[in-house]
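Working notes, beginning with the structure itself.
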There are 4 protein chains.
Amino acid sequence: MSGGSRAGTSGGGRPGRPRSAEADLAILDATRTALVELGWSKLTMGDVAARAGVAKTTLYRRWTSKSELVVDAVAVLFDELELPDRGSLRADVEGVVRQFAALLERPEAKTSLMAVVAESTRDDALRGRIRAAIVERQKRLVLQGRERAQARGELPREPDPSAAARHADLIFDVIAGAVVHRLLVSGRPVDPAWARDLTTLLLGGLTTVGQTP
Amino acid sequence: MSGGSRAGTSGGGRPGRPRSAEADLAILDATRTALVELGWSKLTMGDVAARAGVAKTTLYRRWTSKSELVVDAVAVLFDELELPDRGSLRADVEGVVRQFAALLERPEAKTSLMAVVAESTRDDALRGRIRAAIVERQKRLVLQGRERAQARGELPREPDPSAAARHADLIFDVIAGAVVHRLLVSGRPVDPAWARDLTTLLLGGLTTVGQTP
Amino acid sequence: MSGGSRAGTSGGGRPGRPRSAEADLAILDATRTALVELGWSKLTMGDVAARAGVAKTTLYRRWTSKSELVVDAVAVLFDELELPDRGSLRADVEGVVRQFAALLERPEAKTSLMAVVAESTRDDALRGRIRAAIVERQKRLVLQGRERAQARGELPREPDPSAAARHADLIFDVIAGAVVHRLLVSGRPVDPAWARDLTTLLLGGLTTVGQTP
Amino acid sequence: MSGGSRAGTSGGGRPGRPRSAEADLAILDATRTALVELGWSKLTMGDVAARAGVAKTTLYRRWTSKSELVVDAVAVLFDELELPDRGSLRADVEGVVRQFAALLERPEAKTSLMAVVAESTRDDALRGRIRAAIVERQKRLVLQGRERAQARGELPREPDPSAAARHADLIFDVIAGAVVHRLLVSGRPVDPAWARDLTTLLLGGLTTVGQTP
DNA sequence: CCATAATCGAGACGGTACGTCGCGTCTTCGG
DNA sequence: CCGAAGACGCGACGTACCGTCTCGATTATGG
């Protein structure tokens, strides 16, 4: 979780005292709590360490920067994303929209997501971490929704895989981007009416896009 | 510009030495330069002041935080946005998409925009400043494009003004959101093909949305 | 008072608006008040100006530094020093001791005297101002006391004027120095017993010194 | 030395990295050097830190104000004070006078002593620090001189201990006060003639005072 | 009766230093 | 080797005063 580099628990193990797994959890918990309380810019490594009842050293041994720590702390929220089958493409799309919105309205996510994205414009490693921990988890829903719609016959199967990827990327950027923009830039809620309108726009556009290779 | 709080042209001018207009310009210039060089997180108030040949106090007298300063410094970039009439709704939409993208690929904008949005999740005054200085300037293009399309007869005139506003907001969130997400989150360029695809999706969806009040 | 450089009121007077005499008094008053409240190190020029209801410019036009201002503000306290004839050398000496002490126990004086002396170790102009405004006023009492004692026949007249000056200087340094040291360094009060003891010591020593030219 | 608050030699030493003793010495050295170069009022904490090759925080961790730092830095000068037995009371007294004077003519001392005394009029903790670090070291010489004179039979032993203390305090205030006043207020040197005159006055007065309980 | 000129208040200006905060590293001790 | 504790060098923060400089508005004298 923290870096994917833990030695396996079995098989000898390296010498010396092993790292405390409790510490990891305590730190990530503390990070989320502090994010809600303080927001991104007031959050400090020292404060997180203190809340977690852990020394700063322990923290830096696992995460080298605030950004990486926050990405990992927030990532778990995106594990909750799931796409229950609602029976129709329209219902599924609307479900995705609302799940994205629900997640982004949680203060931990709202406060930190834009901030780490901003940081990542100058830090490729961070960008990779964000993609792996967050973006791909979101994208999975879009892909899953398309798969179902195709199984239902609501959408044709795209024979060209690269075109298929292009379309999925576009849909994803539109859904995620529109929701984020609505919430954080326009500063207005994602209410049912707006979710429905966005869905309608997407469904209307989907066919058109599909037809123009 | 700096605060919108000048005493106004009438009256007799308030007592004391007036603020230096040169300083304002020098500071905003210095801010943009420093943003390009250092990025948001390495940018410091003291550095900006030094570059502008100005005392730190002069800077704090006008802007109370880095965020506000950067918003004002970046705002002028968004004044350049214009919508030349390209003859058709499709061409105009694509033009808007590419202008947004071109702006967001400038390092001053890319680095700072997400950061100030992140800050604004905890600061309503900042949110307002962003809206006034940046968002409204972008939205204007969308409104102007619709107006032209209606004049050309490509789009029907929406009789209900609140529905009209809702639709315009949606279109704006989709365009701006998708472009931002593509560039900063997905980390891929807004090339002509993608711009065309997004435009196709929007045009396909526009009619659908319009029909469902 | 402020600089001794005013052109005489009569005989033309220079052009332009004359300086406000009220301002001078208000400033010196404000200085004393602020000294009592804040002490030397917390006293600021801006604060004095504000208390006096005067612009900083007005203040700097008259005094170039905090030290000079404070010397002038405190000087008037030393004008009150007087030596009523108490009928005997012993009584007069004790009177001088107690007057010095009474003055130095006033907070304006206590706080500022040592401070300006400290400043004067690096500033000859200030040293001169202190001597003229404060030290000479104190010394006058010692000279006057000796004069009376000589008139009474309690002390012989010293024929050599330079020896006379030397002795007076010594006595003065001893009285003033001992009182200051007692109050500010040792931090103990100049009570009647101590004043009597010092006087006794001085009277005992006076004859001895006088005899060794 | 730095604050007298070390945990003591017993126990086990408190947790965490211990404070650097080198830093303490470097800071006090730097303070003395800077005092000579700049004087009290131009001395800044930042400058001292830089000279000592130390961070400002390290400095503030040990001393909370310029005054306290300077007291500790100057205190070591007063450790050098010693009273070699010169064979007679007169010679010993004159020795004390000249040692005080020699010390006060060193620029570190001259510049700072009055300043910290001035500060101490508003700060009891500082006053205590001054007394412990400086005044008591001086006073020791006076007590030692009296002891020797009594051993030699030049002075009677005072049976009443409180009267003995009172007399010693008086002598000390007179010597130290007179020397300080001569040097810093009157601004004249403590030359041999003046030292002899002061000594004569003291010796003449000593007997008198002793006789009046 | 106006021109000249120094004053006044106000407050912005370029600076310097402040004392604090957070960073990320290091040094200690104990487990 | 880990972990807590905490000192360390560093760099930025935002504030306080400094002493100077415009401003417009007074208030004198002198032509």
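Computed from heavy atoms alone, side chains included, the values below leave out hydrogens, waters and symmetry copies. Chain letters run A, B, ... following the sequence lines, proteins first, then strands; residues in each count from 1. These numbers were taken from a predicted model, which means no experiment stands behind them.
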In whole Å, I'd like the distance from the [atom1] atom of [X] to the [atom2] atom of [N].
X: A/Trp63; N: E/dG24; atom1: CH2; atom2: C1'; result: 16 Å
X: C/Asp24; N: E/dT7; atom1: CG; atom2: C1'; result: 13 Å
X: B/Glu22; N: F/dC21; atom1: CD; atom2: P; result: 17 Å
X: A/Lys56; N: F/dC2; atom1: NZ; atom2: P; result: 19 Å
X: D/Lys66; N: E/dG19; atom1: NZ; atom2: P; result: 9 Å
X: B/Leu59; N: F/dA16; atom1: CG; atom2: P; result: 17 Å
X: C/Leu69; N: F/dC18; atom1: CG; atom2: C1'; result: 15 Å
X: D/Tyr60; N: E/dA17; atom1: OH; atom2: P; result: 12 Å

Which residues pass the side chain to side chain contact (heavy atoms under 4.5 Å, CB included) test with [X], sequence neighbours left out?
X: B/Ala55; result: B/Thr57, B/Thr58
X: D/Leu113; result: D/Phe78, D/Leu104, D/Ile134
X: A/Asp47; result: A/Ala34, A/Leu38, A/Thr44, A/Arg51
X: B/Ala26; result: B/Ala52

- Item | Residue-phosphate contact under 4.0 Å: B/Thr58 side-chain N/O, E/dG14 OP1/OP2 |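 Checking E/dG14 against B/Thr58, a side-chain N or O does come within under 4.0 Å of OP1 or OP2.
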- Query: Does B/Arg19 come within less than 4.0 Å of B/Asp24, counting only side-chain N to carboxylate O?
  - Reply: no
- Task: Using the test side chain to side chain donor-acceptor pair (under 3.5 Å), find all partners of B/Glu119 that sit at least two apart in sequence or belong to another chain.
- Result: A/Ser41
- Results of side chain to side chain donor-acceptor pair (under 3.5 Å) for B/Arg32 - residues two or more places apart only: B/Asp29
Any protein N or O atoms within reach of nucleotides 4-6 of chain E? Criterion: under 3.5 Å, listing atom names and distances.
from: E/dA6; atom 1: N3; to: C/Arg17; atom 2: N; distance (Å): 3.3

- A/Thr57 side-chain proximity, nearest of E/dC8, F/dG6, F/dA28: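 Looking only at side-chain atoms, A/Thr57 lies closest to F/dG6.
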- Query: Between F/dC8, F/dA28, E/dT25, which nucleotide gets closest to the side-chain atoms of C/Pro18?
  - Reply: F/dA28
- Give, for atom CG of A/Leu126 and atom OG of A/Ser67, the distance between the pair rounded to the nearest 0.5 Å. 5.0 Å
- Message: For C/Ser20 and B/Gly53, find the nucleotide of DNA chain E closest to each by heavy atoms; which residue's nucleotide sits nearer the 5' end?
- Response: C/Ser20
- Looking at DNA chain E, which of residues 32-52 of chain B put a heavy atom within less than 4.0 Å of it? none
- Query: In terms of the nearest nucleotide of DNA chain F, which residue is placed more toward the 5' end: A/Val54 or D/Ala55?
  - Reply: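 Of the two residues, A/Val54 wins.
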- Task: For A/Lys66 and A/Trp40, run side-chain contact (heavy atoms from CB on, under 4.5 Å): C-alpha distance rounded to whole Å, both residues' side-chain angles, the deciding distance at 0.1 Å, then the answer.
- Result: CA-CA 9 Å; A/Lys66 190 162 93 168; A/Trp40 162 268; 3.8 Å; yes
